[in-house]
Amino acid sequence: MASVTYEHVTKKFSAETTAVNDLSLSIRDTEFMVLVGPSGCGKSTALRMLAGLEDITAGQIKIDDQVVNKMAPRDRDVAMVFQSYALYPHMSVYDNMAFGLKMRGTPRTEIGSLVKEAGRILRLDKLLIRKPRQLSGGQRQRVALGRAIVRHPRVFLLDEPLSNLDAMLRVQTRIELQKMHQRLGTTFIYVTHDQVEAMTMGDRIAVMKDGVLQQVAPPREIYDKPVNMYVAGFIGSPRMNFLPVTISNRQAKASGFDLNLPEAPGLAHGILGIRPEHFLPNFSSDAAAIDLKVEVLEVLGADQYLYGKVGSDDLTARVDPQLKVTVGDRVRLGVNMQRLHLFDPATEKAVL
């Protein structure tokens, strides 16, 4: 078990290419931290620097209080699980899981005990004699996790480990990973581009963009109080609606509606943010209502998504599937005034 600290860490691949820019992040002992962002945002590079697979251009990385910048990967006591599984095809499940321990000279009896324990935790105990080609994708991923577990590392590093799994298996494995974290009580650092994985798994989420850390907070805070438009748009599906407004005192005027803001933001122009799930089919005040002309609708079991126009602005609303709507209808929806967001159009930072 260990804490991890990035202190002003930068990684440049060339003078023109900065993968990670001045990253400062403290990860607590036993925490499940998720680094999330789109491809190319620097999250995997940050993980690989911690593992010792990439050199650090500037700054320091510490495990507990020990600087590991120059430490060999094998001496850092971390275990990394990759997207590609990286299993040896000619070896059995048992031998794949035992391989790292054999290379370290661990006694055979201890290896057997550790592999069997990991197999039990991951429900692989009946598959130990099989080869990787005889396993499903989810089983192969569990073998890769088992290979990390047997080492009892201080820190687990997981780089997009569920990306190759189908949707149902991703959900199942996501739950297994959370249970495993609770059982092991070890620090997990998990990299993903999937905001659903981030929101459901992380004790805290670190959102990255273009190598720069945008916000670090628990999932609920990231969702409720995004610090800028990028975080607000990245977290949440469908993404937040962004509507340009002109502001006079507390009144915000969009192209198709007016509403009164909870407080005066001190801006003449702004970007109003409303999540699709924060529209209400029933409301008590016309001052907090919009008329949506429906252009496309999707019914997804428990949810119904309406895509259309309010004035000249595109807008998405998530409503009860029992609401009777057809394409071409105009639907009057209330706005949850307690869940509004407002951003400065110049800086894209949240002001409300």
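Just so you know, these numbers come straight off a predicted model, no measurement behind them.
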Are [X] and [Y] close enough for a salt bridge, meaning some N to O gap below 4.0 Å?
X      : Y      : answer
Glu263 : Arg250 : no
Arg48  : Asp159 : no
Lys253 : Asp258 : yes
Lys309 : Glu295 : no
Arg339 : Glu277 : no
Arg151 : Asp77  : no
Asp125 : Arg120 : no

Parallel, tilted or perpendicular: which one describes the rings of Phe32 and Tyr190, with boundaries at 30° and 60°?
tilted
With respect to Tyr307, which candidate in Asp314, Val296, Val327 satisfies the side chain to side chain contact (heavy atoms under 4.5 Å, CB included) definition?
Val296
Please give me the minimum heavy-atom distance between [X] and [Y], naming the atom from each residue.
X      : Y      : value
Phe13  : Lys11  : CE2-CE, 3.5 Å
Pro161 : Val191 : CD-O, 4.1 Å
Ser26  : Arg204 : O-NH2, 2.6 Å

Indicate whether any N or O donor in one side chain lies under 3.5 Å from an N or O acceptor in the other, for Ser3 and Asp29.
no
Using a distance-only test with no angle check, is there a side-chain donor-acceptor pair under 3.5 angstrom linking Thr192 and Glu197?
yes
